[in-house]
Amino acid sequence: MTSDRAAGLAESARALAAGEVTSRALVERALARIEATQPTLNAFRVVRAEAALAEADAADRELAAGVRRPLLGVPVAVKDDMDVAGEPTAFGCRGDFPPVAEDGEAVRRLRAAGAVIVGKTNTCELGQWPFTEGPAFGETRNPWHTGHTPGGSSGGSAAAVAAGLVPAALGSDGAGSVRIPASWTHLIGIKPQRGRISTWPRGESFQGITVNGTLARTVADAALLLDAACGNHAHDPHRPPALTVSDAVGRDPGRLRVALSLKPPFTAVPARLRPEVRSRILELAEKLAGLGHTVEEADPPYGQIGLTFVPRATVGIAEWVRDTPDPALLDPRTRDAARLGRLLGGAPLRAARRAEAVLHRRIGAFFDAYDVILAPTTAAPPPEIGALHKLGGLATDRAMIAACPYAWPWNVLGWPGVNVPAGFVGDGLPVGAQLLGPANSEPLLVSVAARLEAELRWFEQWPGRPDGSAAAAA
């Protein structure tokens with residue numbers, strides 16, 4: 001196992017259990033890679049060097065005693081909206097955030113599986129935007145092309161995995177915030193069913209539109225991390241039926257009816273699929289057809305779904321702002337969104353929440369005719385650093401919707417989606433496609449993604465050197 005980039009999650013776990021490597025060695029290598037890349041990629045907000053090494057030593061003692069757990073001794077990272085005991089949860093914000101006393105439920109479950117949390121990754125302020133930049137931590141850059149963003153809001157997790165700093169990481173997805181950075185960094189990104197991975201101590205993060213998900217270089221690794229992190233706190237309001245998603249990797253999905261959906265859902269401002277991205281999505285559609293699936297163009301009946309998203313998103317921002325130590329330090333765009341959320345927190349929010357059941361029935365009926373939807377994850381490749389961060393409020397919204405109009409409806413619905421790499425455009429910039437399904441369809445989506453991966457072998461492609469320099473075009 002070389003030290004210049006991390007081995008995969010499953011391979012690391014296997015090597016540890018076989019005694020071929022120690023957890024301390026894996027963690028030391030991960031910490032060295034993180035330190036070497038912080039000046040260029042800036043993927044991490046918090047690095048737990050001393051604590052992670054102590055946890056690695058404890059894992060090595062367990063391994064020597066014959067203890068076996070799914071991720072025992074494997075270094076992973078989590079996004080800085082998740083509580084890790086002894087560390088602050090700043091969620092991209094400036095201010096003096098105190099260390100939290102307890103792990104969030106997802107982190108607790110990762111630890112129970114034996115994982116070593118090496119650090120917390122960067123995210124934009126309160127996860128609002130598809131870029132990972134801000135005055136609290138600077139600019140997180142894309143390992144494939146450091147002049148561009150890795151996306152957001154789980155951009156730090158995506159950059160860390162894409163550069164091989166860690167084998168896998170947790171992110172969160174409230175409007176595509178796992179799938180968008182996965183698409184822009186050539187990764188698998190799983191947004192699971194609402195409640196599959198707990199968001200506790202916030203039972204409903206952003207009024208239920210945000211879920212925790214996984215980023216990895218392979219479908220098997222993303223599914224393994226999902227299985228390790230999944231499960232519920234006793235007070236979670238959403239408790240989907242238990243699944244072991246890893247079992248679907250390698251399973252024949254059968255002959256499927258695939259809806260190719262290229263039309264952006266309802267948006268208040270124009271959004272257009274870039275021709276070069278469209279070409280990559282059509283190539284994936286042809287690959288699915290070549291694998292025996294029936295593929296035809298069809299768009300879900302989204303209707304005015306966007307009207308239900310805004311109250312939930314802005315009320316969620318207002319809730320997080322209320323908990324920040326100094327709201328005056330926040331971006332003016334954040335404060336404006338929080339003000340809107342306070343206005344929409346009564347009847348508009350209740351109406352938006354009630355509409356979800358109607359949307360479930362209407363869009364759910366679409367799956368009487370189709371098994372899976374294939375759609376672009378984004379309409380455009382990753383923007384340059386600063387292109388969105390430096391805009392004002394309305395201009396940010398317009399640019400964000402133009403680049404990323406496809407992902408957010410599945411957050412309103414709470415259903416699963418998986419980003420898969422779709423190739424490269426322009427100067428070697430990655431783009432991705434979404435596989436979308438109805439409630440609790442993670443096994444089906446994972447089986448389709450794994451079948452595509454076996455044909456296209458995305459994981460064999462890497463960006464340039466792990467310090468982020470000399471980023472390679474495909």
- Query: Name the one of Thr214, Val219, Val446 that satisfies side chain to side chain contact (heavy atoms under 4.5 Å, CB included) with Val245?
  - Reply: Val446
- Item | Glu453 side chain to Thr218 side chain, donor-acceptor N/O pair below 3.5 angstrom | no
- Quick one: do Arg280 and Glu276 make a salt bridge, cutoff under 4.0 Å? no
- Starting from the C-alpha separation in whole Å, work towards a yes-or-no answer on side chain to side chain contact (heavy atoms under 4.5 Å, CB included) for Leu374 and Leu260. CA-CA 5 Å; Leu374 175 69; Leu260 173 62; 4.0 Å; yes
- Message: So that I can tick it off, tell me whether Glu319 and Arg202 are bridged by a salt bridge, with the cut-off set at under 4.0 angstrom between side-chain N and carboxylate O.
- Response: no
- Query: Angle class for the His148/His145 ring planes (parallel below 30°, perpendicular above 60°, tilted otherwise)?
  - Reply: perpendicular
- Message: Checking Asn411 against Phe206 for the side chain to side chain contact (heavy atoms under 4.5 Å, CB included) test, could you report, in this order, the C-alpha distance in whole Å, the side-chain angles of both residues, the deciding distance, and whether it holds?
- Response: CA-CA 10 Å; Asn411 295 90; Phe206 288 86; over 6 Å; no
- Message: Test your reading of the model: is there a side-chain donor-acceptor pair from Arg335 to the backbone of Leu330, 3.5 Å cut-off?
- Response: yes
- Please tell me if the side chains of Pro430 and Pro421 come closer than 4.5 Å, counting only heavy atoms from C-beta onward. no
- Query: Which is it for Leu349 and Leu344 under the side chain to side chain contact (heavy atoms under 4.5 Å, CB included) test, yes or no, and what are the steps along the way?
  - Reply: CA-CA 6 Å; Leu349 176 63; Leu344 299 179; 5.8 Å; no
- N/O donor-acceptor pair under 3.5 Å between Asp227 side chain and Leu224 backbone: no
- Task: For the pair Arg333 and Glu125, find out whether any cationic side-chain nitrogen is under 4.0 Å from an anionic carboxylate oxygen.
- Result: no
- Task: Compute whether any side-chain donor of one residue and acceptor of the other, for Asn232 and Ser198, lie under 3.5 angstrom apart.
- Result: no
- Task: Mind checking the CG-CG spacing from Asn142 to Leu429? Nearest 0.5 Å is all I need.
- Result: 7.5 Å
- Query: Any chance CD of Glu460 has more than 12 other-residue heavy atoms, nucleotides or ligands included, within less than 6.0 Å?
  - Reply: yes
- Message: Quick one, Gln128 with Thr334, criterion side chain to side chain donor-acceptor pair (under 3.5 Å). Give me CA distance, side-chain angles, the key distance, then yes/no.
- Response: CA-CA 8 Å; Gln128 300 168 84; Thr334 302; 2.8 Å; yes
- Does a side chain donor of either Arg179 or Gln434 reach within less than 3.5 Å of an acceptor in the other side chain? yes
- Determine whether Tyr406 and Ser261 make a side-chain contact, defined as any pair of heavy atoms from C-beta on separated by less than 4.5 Å. no
- Message: Does any part of the side chain of Phe137, heavy atoms only, come nearer than 4.5 Å to the side chain of Asp80, both counted from C-beta?
- Response: no
- Non-hydrogen side-chain atoms of Phe91 and Thr123 separated by less than 4.5 Å: yes
- Just checking, is any N or O donor in the side chain of Ser154 or Lys79 under 3.5 Å from an acceptor N or O on the other one? yes
- Item | Any donor-acceptor N/O pair, Thr314 side chain to Ala338 backbone, under 3.5 Å | no
- Message: Apply salt bridge (charged side-chain N to carboxylate O under 4.0 Å, His left out) to residues Lys390 and Glu133 and explain how you reach the verdict.
- Response: CA-CA 10 Å; Lys390 296 176 181 177; Glu133 303 167 51; over 6 Å; no
- Item | Glu87 and Lys120 ion-paired at < 4.0 Å | no
- Query: Between the side chains of Thr199 and Asn212, is a donor N or O closer than 3.5 angstrom to an acceptor N or O?
  - Reply: no
- Pairwise side-chain contact, Ile197 with Val211, heavy-atom cut-off 4.5 Å (strictly under): no
- Message: Classify the ring geometry of His186 against Trp144: parallel below 30°, tilted from 30° to 60°, perpendicular beyond 60°.
- Response: perpendicular
- Message: Using side-chain heavy atoms (C-beta onward) and a distance below 4.5 Å, is Leu170 in contact with Leu225?
- Response: yes
- Item | Pair Lys287 + Glu283, salt bridge at N-O below 4.0 Å | no
- Minimum side-chain heavy-atom gap Thr40-Arg141 below 4.5 Å: no
- Can you tell me if Asn419 uses its side chain to pair, donor with acceptor, with the backbone of Gly189 under 3.5 Å? no
- Message: Using 30° and 60° as the class boundaries, would you call the ring planes of Trp410 and Tyr302 parallel, tilted or perpendicular?
- Response: perpendicular
- Note on the structure: Closest non-hydrogen contact found for Ala30 with Leu165 is CB-O, 3.7 Å
- Message: Between Thr378 and Trp184, is there a side-chain donor-acceptor contact under 3.5 Å, judged purely by atom types and distance?
- Response: yes
- Task: Begin from the C-alpha positions of Arg108 and Trp200 and carry the test side chain to side chain contact (heavy atoms under 4.5 Å, CB included) through to its verdict.
- Result: CA-CA 10 Å; Arg108 188 191 72 78; Trp200 194 265; over 6 Å; no
- Hey, does Asp96 have a side-chain heavy atom less than 4.5 Å from the side chain of Asp326? no
- Message: Please check: side-chain N/O of Arg194 versus main-chain N/O of Gly208, any donor-acceptor pairing under 3.5 Å?
- Response: yes
